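Comments concern the structure below.
On a predicted model such as this, the values are computed, not experimentally measured, just so you know. Proteins get letters first, then strands, A, B, ... in listed order; numbering begins at 1 in each.
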Number of protein chains: 2
Amino acid sequence: MATPETTTEVPQDFEALKAVILERKAQLPKRLKQVAAYSLDNPDEIAFGTAASIATSADVQPSTLVRFAQHFGFEGFSSLQQIFRARLRERTPGYEDRLKALSENEHSKLESGSIFNGFVAAAHRSLDNIATSVDPEAFERAVDILAKAETIYLIAKRRSYPISSYMAYAFGKLRVKYQLVGTAAGIDDDMLAMAGKNDAAFAVSFSPYASESAAQARLLAERKVPVVSLTDSAFSPLAESSKVWFELVEADHAGFRSLSASMAFAMALTVAIAEKRHRLIDEAKAE
Amino acid sequence: MATPETTTEVPQDFEALKAVILERKAQLPKRLKQVAAYSLDNPDEIAFGTAASIATSADVQPSTLVRFAQHFGFEGFSSLQQIFRARLRERTPGYEDRLKALSENEHSKLESGSIFNGFVAAAHRSLDNIATSVDPEAFERAVDILAKAETIYLIAKRRSYPISSYMAYAFGKLRVKYQLVGTAAGIDDDMLAMAGKNDAAFAVSFSPYASESAAQARLLAERKVPVVSLTDSAFSPLAESSKVWFELVEADHAGFRSLSASMAFAMALTVAIAEKRHRLIDEAKAE
DNA sequence: GTCAATATGGAATTTTCATTCTATCAGTTC
DNA sequence: GAACTGATAGAATGAAAATTCCATATTGAC
């Protein structure tokens, strides 16, 4: 066995590993130094390649990779590779620090505090995802469709309802005509019956999908009312009825999904629509 | 060999693959549909896992994964997996630049994009604040008061309404008795008239304060109904009627304040209450 | 209600891959 | 300049993983 008592600890994350490698790089033998340089220059290769393929492109023997890993206290090459893989899974740099900060704050001392921290962390994660998962051009198209609509119909049930109730509030403030569908059952369909092709709808539904929302969206789509939708999976029944749809996966804590990303999205959409609409009105006046 | 001449082309990148999967998802048999959903919902798992581990967590057989891959023209599971791996490689070459990327990302090229980025950034800022501005002990007390209540009255108007409408939804799921006050004007006061000192209320109000909310909170406080409140200033009229109150300043973009922090707070409070309540019930039963 | 076609589960097989072992080589010390 | 220490290459080994195959189950058509 190499070390019965571990003198230096085995790095557990990429940053730590990087630090150790840099620290000892100078004293490393030739081939190991070569591997060290390669691993820091091509971390993605290490993450995905096989020992053989990496060995070839780093111009060493596979066994050298194993020795390299063992040199830094890992059991073998595979366990070192895990570090490189984990690095790709954790998305943003800020996120790590935030989590660490959360786990060290006062809340973690108290029981309910961990629940509190959990939801804050989930919200952060959700927001980190949103920028990459929303296509800017689709967003632009959505704004366009909704800005041109006479009346915007907001469709949402259950968990999605807070989203559209916020939009309703904001539209009210911004003097954009809207109809909130989903409050009292029964009158919904009468409301939707008034929607024509000069109007548009925005539907929000997360799994488990409320069948009514999907049905209402379909109804509107059949009547040539353009539908924009927000959902959490490409498999949502909403997608097929929509001209533009967004997939937004919210992170969760203890099974309760965050609404932060959806909320931020809704706010952005609302304000963008209002802005575009006012511009359209101004342009119309100018002529 | 399966197809000497490729009738439909094999997707070469993640986006193409996603498109093909979505296109054919309806005609897919049960298990393959299951894999389709799993793969699009957990792309990272597919990238890193082994066929066996993925199969377990998607609840199918390893062979089903191979069949799935072949169904879309790949030689086997491994070549499909390459697509998922490539997706991770191409994403953001430099993680350090990630935060900067938000201000320089694709969104900012388009007009509506800057609005979008602005709201995401505001939400992040809000969440960063929340941990320091909420006192863990006060949170614990709030949970205690509300967990002991028979019925929880949720008071909110306008901008705060989405917050409590989420809580209402969650309380419903969690089997906690509640009354949402603020929907239709007029009947509110009748509802509140039924509140007794075994109940409790949670009020949310941000400036400009809805005078009704403050009045209703005062009314309840006079009748010895404990009130917990969430607001954005120590000067809020809600504060004086409340046993416990929280000050939560949301960051804003273009004058529109985020709701992310309040939302995260509401979720944490809701779940903490439900948990504590169930514990109290269990303890009562045990005696 | 029966048959055919297709889908599925699970074991068997084959391939691939990490690791270990041994011979060789280079550098260092006495 | 010989003997020793440590590094390296390359083949051998054994484990693990992907894939294939076959029996069974399910679905849909007639």
Side-chain angles (χ1 to χ4, degrees), chain A residues 1-3 7-8 10 17 21 24-39 42-86 235, chain B residues 1-4 7-8 10 17 21 24-39 42-86:
Chain A
M1 279 298 117
T3 44
T7 21
T8 44
V10 182
L17 176 60
I21 291 178
R24 295 210 234 151
K25 194 179 170 183
Q27 308 140 39
L28 250 35
K30 189 181 158 200
R31 286 289 126 101
L32 295 191
K33 203 185 289 177
Q34 206 172 317
V35 174
Y38 184 85
S39 66
N42 310 58
D44 287 11
E45 281 304 312
I46 307 278
F48 289 117
T50 70
S53 70
I54 296 165
T56 305
S57 75
D59 205 26
V60 294
Q61 290 294 320
S63 47
T64 307
L65 293 180
V66 176
R67 262 181 282 121
F68 177 79
Q70 289 170 342
H71 192 92
F72 287 96
F74 295 95
E75 208 178 287
F77 173 70
S78 300
S79 39
L80 174 129
Q81 195 176 35
Q82 291 309 316
I83 303 289
F84 284 81
R85 292 191 167 181
F235 287 87
Chain B
M1 280 299 119
T3 44
T7 18
T8 43
V10 182
L17 175 61
I21 292 178
R24 295 210 232 152
K25 79 175 190 204
Q27 307 138 39
L28 248 37
K30 191 178 157 202
R31 286 286 121 102
L32 295 191
K33 204 184 290 179
Q34 203 172 317
V35 174
Y38 183 86
S39 65
N42 309 61
D44 287 14
E45 282 304 311
I46 306 277
F48 289 113
T50 67
S53 69
I54 295 165
T56 306
S57 72
D59 206 28
V60 295
Q61 291 293 323
S63 47
T64 306
L65 294 179
V66 177
R67 270 196 291 268
F68 178 78
Q70 289 170 341
H71 192 93
F72 287 96
F74 295 94
E75 208 178 288
F77 172 71
S78 299
S79 39
L80 175 129
Q81 195 176 35
Q82 292 309 318
I83 303 289
F84 284 81
R85 294 189 165 180

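- If you take NZ of B/Lys33 and C1' of C/dA7, they are 13 Å apart, rounded to a whole angstrom.
- Nearest nucleotide to the B/Val66 side chain, out of D/dT19, D/dT8, C/dT19: D/dT19.
- Side-chain to base pairing of B/Ser63 with C/dG10: one donor and one acceptor N or O lie within less than 3.5 Å of each other.
- Regarding B/Leu80, its CG atom lies at a distance of 12 Å from the P atom of D/dA18, rounded to whole Å.
- When heavy atoms are screened at a 4.0 angstrom cut-off, B/Pro29 is found touching the sugar-phosphate backbone but no base atom.
- Between B/Gln34 atom CD and C/dG9 atom P there is a gap of 8 Å when expressed in whole angstrom units.
- Among the nucleotides C/dT19, D/dA18, C/dG9, the one closest to the side chain of B/Phe77 is D/dA18.
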Distances under 3.5 Å between protein N/O atoms and the N/O atoms of nucleotides 26-28 of chain C, please, pair by pair.
none

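- Considering only side-chain N and O atoms, A/Arg67 lies under 4.0 angstrom from the phosphate OP1 or OP2 of D/dT8.
- Residues B/Ser39 and B/Ile21 come closest through the heavy atom pair OG-CD1, 4.2 Å.
- Side chains of B/Gln34 and B/Arg31: a donor-acceptor N/O pair is present below 3.5 angstrom, by distance only.
- Atoms CG (B/Leu65) and P (C/dG9) sit 11 Å apart, rounded to a whole Å.
- The phosphate of D/dG10 (OP1 or OP2) has a side-chain N or O of A/Gln61 nearer than 4.0 angstrom.
- Rounded to whole Å, atom P of C/dT8 lies 10 Å from atom NE2 of B/His71.
- Counting any heavy atom pair closer than 4.0 Å across all strands shown, B/Gln70 reaches sugar-phosphate atoms only and no base atom.
- Listed pair A/Thr50 / C/dT16 fails the phosphate criterion, with no side-chain N or O lying under 4.0 Å from OP1 or OP2.
- For B/Gln82, the CD atom counts as densely surrounded, since its 6.0 Å shell holds more than 12 non-hydrogen atoms of other residues, nucleotides or ligands.
- Of the candidates D/dA18, C/dA18, C/dG9, the closest approach to any side-chain atom of B/Ser78 belongs to D/dA18.
- Take A/Tyr38 and apply the ring pair (Phe, Tyr, Trp, His ring centres under 6.0 Å) test, not counting sequence neighbours, and it matches no residue.
- Between the CD atom of A/Glu75 and the P atom of D/dA16 there is a distance of 11 Å, given to the nearest Å.
- Taking atom CG on A/Leu32 and atom C1' on D/dG6, their separation rounds to 11 Å, with Å as the unit.
- With contacts defined as side-chain heavy-atom distances shorter than 4.5 Å, the pair B/Thr64/B/Phe68 does not qualify.
- Among the nucleotides D/dA18, D/dT19, C/dA18, the one closest to the side chain of A/Ala51 is C/dA18.
- Looking at B/Val35 and B/Ile54, their side chains never come closer than 4.5 Å, going by heavy atoms from C-beta outward.
- Atom pair B/Phe68:CZ and D/dT19:P shows a separation of 14 Å (rounding to whole Å applied).
- The closest side-chain heavy-atom distance from B/Phe72 to B/Arg24 is below 4.5 Å.
- The shortest heavy-atom contact between A/Ala51 and A/Leu65 is O-CD1, 3.2 Å.
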